[in-house]
Amino acid sequence: MSKLRPLTGNWRVARRLQAILLIPVLVALALGGIRVKNSIDTLQDANDAVAVAELVQAANAYASDAINERDVSVIPLLEGKRNAPAVLAARKVTDADAKAFDAAVARAPKTAGLLRRIELVRAGEKQLPTVRAAAFTSKMSGVQTEESYHAVQHPLMEISNELGFGSNNQASFGRTLYAISLTQAAESLVRSIGTHLLVEDRDALGEGELQNQLGSFSSYVYLEQVGLQEYAGAGTAGDMTRLQTALAAAQKKGAAQTAKAAEEAKAAGQAFVTPPKLTKMLSEIATGKPTEELAAEGITPESFFAASALSFDAYRSIEVNLTDTALANARSIASDARRDAIINGTLALSAVLVAFLLAAWVARSMSRGMRRLSASAIEIAEQRLPAVITQLSQAVPGQVDTKVSPIPITSTDEIGEVARAFDHVHREAVRLAAEQALLRGNVNTIFTNLSRRNQSLIERQLALITDLEDREADPEQLANLFKLDHLATRVRRNGENLLVLGGERPTQQWDRPLPLVDVIRAAASEVEQYERIELAGIPEAEIHGRAVTDLVHLLAELLENATAFSSPRSTVRVTATRLPDTRIMIEIHDQGIGLMPEDFALINHKLANPPTADADVYQHMGLFVVGRLADRHGIRVQLRPSSAESGTTSLVMLPGTITWRSGAESDSDTLALAALKARATPGLAALLANGPADPFSLHEAWDDGIGRPAAPTAAAVPDMPAPSGRSAPSGPPAPSELPRRTPKRGRRPGKDG
């Protein structure tokens, strides 16, 4: 069982340092998070308190205007004026307050206690339309009408008890506000019932109804005193001072109103009786005296309503002041909580950020050298060392600069020691590569020398065979000499392959262009089964002299491969096509067993990128030689599956730098090309007319059956060449001087040039 790898075994140094510093950072983050969470919770509670204060403010305004609607509607409704402007205006104000209350409810927190109180308000609101329709009618007596508004006003008043967030003074606002609201409600009932008693015709009342009204009146007068006592017990000294100031202002305002009324009566020549104080009015009305006696004392519906309204307004001002103060305090607390949350959050995040930056700085300062060492090592392994090895493998070892640039780390710590050690390894690797390149160069030199010695012997052998062929008249012996000639030619080509492996170029080259058809003939003459090779549609073109020898060698290797891996009874067809951009594509078609798709991909990769000579190259020498020769002259070579059921097609693309037209095409070639164009589909016709972006796509069109050239006539197929028995001479022979083989006749019509 293998030993388990530590969790941090593959971590970088910077990451390990960050992990070490991460522990205190996480602790600080946890503590800061708790503090921030507390601040956020406090802020949320403060925001909820603000919403509750806004709801209480809206509820108290709603409640005050609802009972005020009842009070101002007493006289018009008792007189039967149900659509009086005062009644409609009061109801409009109450309805507006109801909408403001609904908006405040939508913003309020959804706590259980608050939701319960809101449900009570909704239940009272449902009764309000019925109360308005039946107020002061036979369906609802006076006291019932006046007390029915209590179903709406009292739940609204009780919402004040939900105040309680913040300081103790803030918590006491709920009790104080409830007490003053209770006092205001009692004053409103006293005003409403008292006005009702002063206006209503008592003779029309039923038995006991007057006593019921007087009892209710006295009860609410007593309730008002209870509310004031509750306010005094819950409120502060400031609250009491504020109430006394408001009541004193109300008395002063009442005295001014009385004086003004007296002056107006005197100016009108009417008698005016100064009304008593409100407390006197309450006690006189509670006795049940007739309205005439009360009026003689100055207690009229107008004077009583005005005096009671002053107290009502005084209580209302205290209520508004308390709700405004509670809302202001809640907003102040919320603002402080918001500021604390922002400060705490900023401090926590700043501390964490500073900790992370410190950790990153320490880790970066310690790992910068290691990253530089790692980057330099990767650069050496992936770029610099392979580049030097490639130069050593392609050039003379002594001409390549093998000096090693040290890694740019000058420190003397452990990282610097590792850098110096890696420099030493780098120098040793370059030294070994130079020694290997020198060894390969020596081996290539040995190959070259042995090959040139063998070439000299083979040239002498070929000359001797040629001399024997010229003297031999027996067809059978001449055929045997031809076979021996071909074998010697193949041996000579193998020697030339060794020269290619050694990086050598041909010692003898043509100094003048040679027709393409003669180049293909010369290549075919070096193939043992030359009689199976058929040429068709070869355009009139010439090959530059510097490329003739290598092109003959390249085509000979491909033709040898095509004849060796196909049936002896099949033919190998060679065609060529001139492209509009002056390039020429040669196609070699065989009917062999073919290759697998992955084999085609591997072979084409090696043809495009010839590998370095090694043991594997010696096993596929022909493939390596074709790739090297094609690379010399910019020739592209590819193998593709044949369009037939089996076989392989070799494509050789000759660049315009080594080919050009030698003149007008022959009649036979022109006819073959015209037949091809006439039978081609529009896709192939476009390729022939305009030239494809990739000339190899022409072959794809050919394989797909887009078009086929006409079968070559006898005039279009030149005679097959005889084996080329020796290296190309310094000057190119005329086409008629190329070697030709005619086995049936038993003799050769000409010699090699």
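Basis for what follows: all heavy atoms, side chains included, without hydrogens, waters or symmetry-related copies. As the structure is a prediction and not an experimental result, all values here were calculated from the model.
- When all heavy atoms of Ala522 and Ser525 are compared, the pair lying nearest together is O-OG, 2.5 Å.
- Atom OG1 in Thr577 sits 5.5 Å away from atom CE in Met585 (nearest 0.5 Å).
- Under the rule for a salt bridge (charged side-chain N to carboxylate O under 4.0 Å, His left out), Arg427 has no partner lying at least two apart in sequence or in another chain.
- A distance of 12.0 Å separates CG in Leu468 from CG in Asn480, rounded to the nearest 0.5 Å.
- Take Asp550 and apply the salt bridge (charged side-chain N to carboxylate O under 4.0 Å, His left out) test, not counting sequence neighbours, and it matches Arg632.
- In terms of the side chain to side chain donor-acceptor pair (under 3.5 Å) criterion, Glu379 has no residue partners (sequence neighbours excluded).
- For Arg532 and Ser566, the side-chain atoms include at least one donor-acceptor pair closer than 3.5 Å.
- Atom CD of Glu476 has 12 or fewer neighbouring heavy atoms from other residues, nucleotides or ligands inside a 6.0 Å radius.
- Remark: the backbone N or O of Leu481 is not paired with any side-chain donor or acceptor of Asp485 at under 3.5 angstrom.
- Remark: Ala556 pairs with Arg493, Ala523, Glu526 by the side chain to side chain contact (heavy atoms under 4.5 Å, CB included) rule, at least two apart or across chains.
- Side-chain contact between Ile635 and Val652: present, with at least one pair of heavy atoms (C-beta onward) separated by less than 4.5 Å.
- Across all non-hydrogen atoms, the minimal contact from Gly656 to Thr582 is CA-OG1, 3.6 Å.
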Q.
Please determine whether side chain to side chain contact (heavy atoms under 4.5 Å, CB included) holds for the pair Met653 and Leu579, giving the CA-CA distance in whole Å, both sets of side-chain angles, and the decisive distance to 0.1 Å.
A. CA-CA 10 Å; Met653 183 66 67; Leu579 301 179; 3.9 Å; yes
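- Applying the salt bridge (charged side-chain N to carboxylate O under 4.0 Å, His left out) rule to Arg569 yields no partners; only residues at least two apart in sequence or on another chain are considered.
- Side chains of Asp590 and Thr649 form no contact here, defined as non-hydrogen atoms less than 4.5 Å apart.
- With contacts defined as side-chain heavy-atom distances shorter than 4.5 Å, the pair Val527/Ile533 qualifies.
- Side chains of Glu587 and His589: a donor on one and an acceptor on the other come within 3.5 Å.
- The shortest heavy-atom contact between Ile588 and Ala562 is CG2-CB, 4.1 Å.
- Judged by distance alone, the side chain of Thr563 and the main-chain N or O of Glu560 form a donor-acceptor pair under 3.5 Å.
- Applying the ring-ring contact (aromatic ring centres under 6.0 Å, His included) test to His544 and every residue at least two apart in sequence or in another chain returns Trp660.
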Q. Where do Val548 and Ile658 land on the side chain to side chain contact (heavy atoms under 4.5 Å, CB included) test, with the steps shown first?
A. CA-CA 9 Å; Val548 167; Ile658 65 172; over 6 Å; no
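- Partners of Gln477 under the side chain to side chain donor-acceptor pair (under 3.5 Å) rule, at least two apart in sequence or in another chain, do not exist in this structure.
- Atom CD1 of Ile407 and atom CG of Leu373 lie 5.0 Å apart (nearest 0.5 Å).
- Partners of Glu417 under the salt bridge (charged side-chain N to carboxylate O under 4.0 Å, His left out) rule, at least two apart in sequence or in another chain, do not exist in this structure.
- Every side chain to side chain contact (heavy atoms under 4.5 Å, CB included) that Ala576 has, sequence neighbours left out, goes to Leu516, Ile538, Pro539, Ile584, Ile586.
- When the side chain to side chain donor-acceptor pair (under 3.5 Å) test is applied to Gln591, no partner is found at least two apart in sequence or on another chain.
- For Asp423, the side chain to side chain donor-acceptor pair (under 3.5 Å) test picks out Arg420, with sequence neighbours left out.
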Q.
Checking Leu654 against His633 for the side chain to side chain contact (heavy atoms under 4.5 Å, CB included) test, could you report, in this order, the C-alpha distance in whole Å, the side-chain angles of both residues, the deciding distance, and whether it holds?
A. CA-CA 9 Å; Leu654 305 181; His633 303 283; over 6 Å; no
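- Atom CG of Leu478 is separated from atom CZ of Arg471 by 14.0 Å, given to the nearest 0.5 angstrom.
- Within a 6.0 Å radius of CZ in Arg460, other residues, nucleotides and ligands contribute 12 heavy atoms or fewer.
- Closest approach of Ile380 to Pro386, counting heavy atoms only: O-CD, 3.5 Å.
- The side chain to side chain contact (heavy atoms under 4.5 Å, CB included) test with Val552 is passed by exactly one of Asp518, Leu514, Val519: Val519.
- Atom-to-atom distance recorded for Ile593:CD1 and Phe565:CZ is 8.0 Å, nearest 0.5 angstrom.
- Interatomic distance, OG1 of Thr657 versus CZ of Arg583, reported as 10.5 Å (0.5 Å rounding).
- Taking both residues in full, the closest heavy atoms of Ile465 and Leu484 are given as CD1-CG, 3.6 Å, listed atom of the first, atom of the second, then distance.
- Phe600 meets the side chain to side chain contact (heavy atoms under 4.5 Å, CB included) test with Leu595, Asn604, Leu639, Pro641, Thr648; sequence neighbours excluded.
- Judged by distance alone, the side chain of Arg636 and the main-chain N or O of Asp631 form no donor-acceptor pair under 3.5 Å.
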Q: Take Glu531 and Gln529 through the side chain to side chain contact (heavy atoms under 4.5 Å, CB included) test and state the conclusion after the steps.
A: CA-CA 6 Å; Glu531 66 277 0; Gln529 303 180 45; 4.3 Å; yes
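- Between the side chain of Arg372 and the backbone N or O of Pro408, at least one donor-acceptor pair lies under 3.5 Å.
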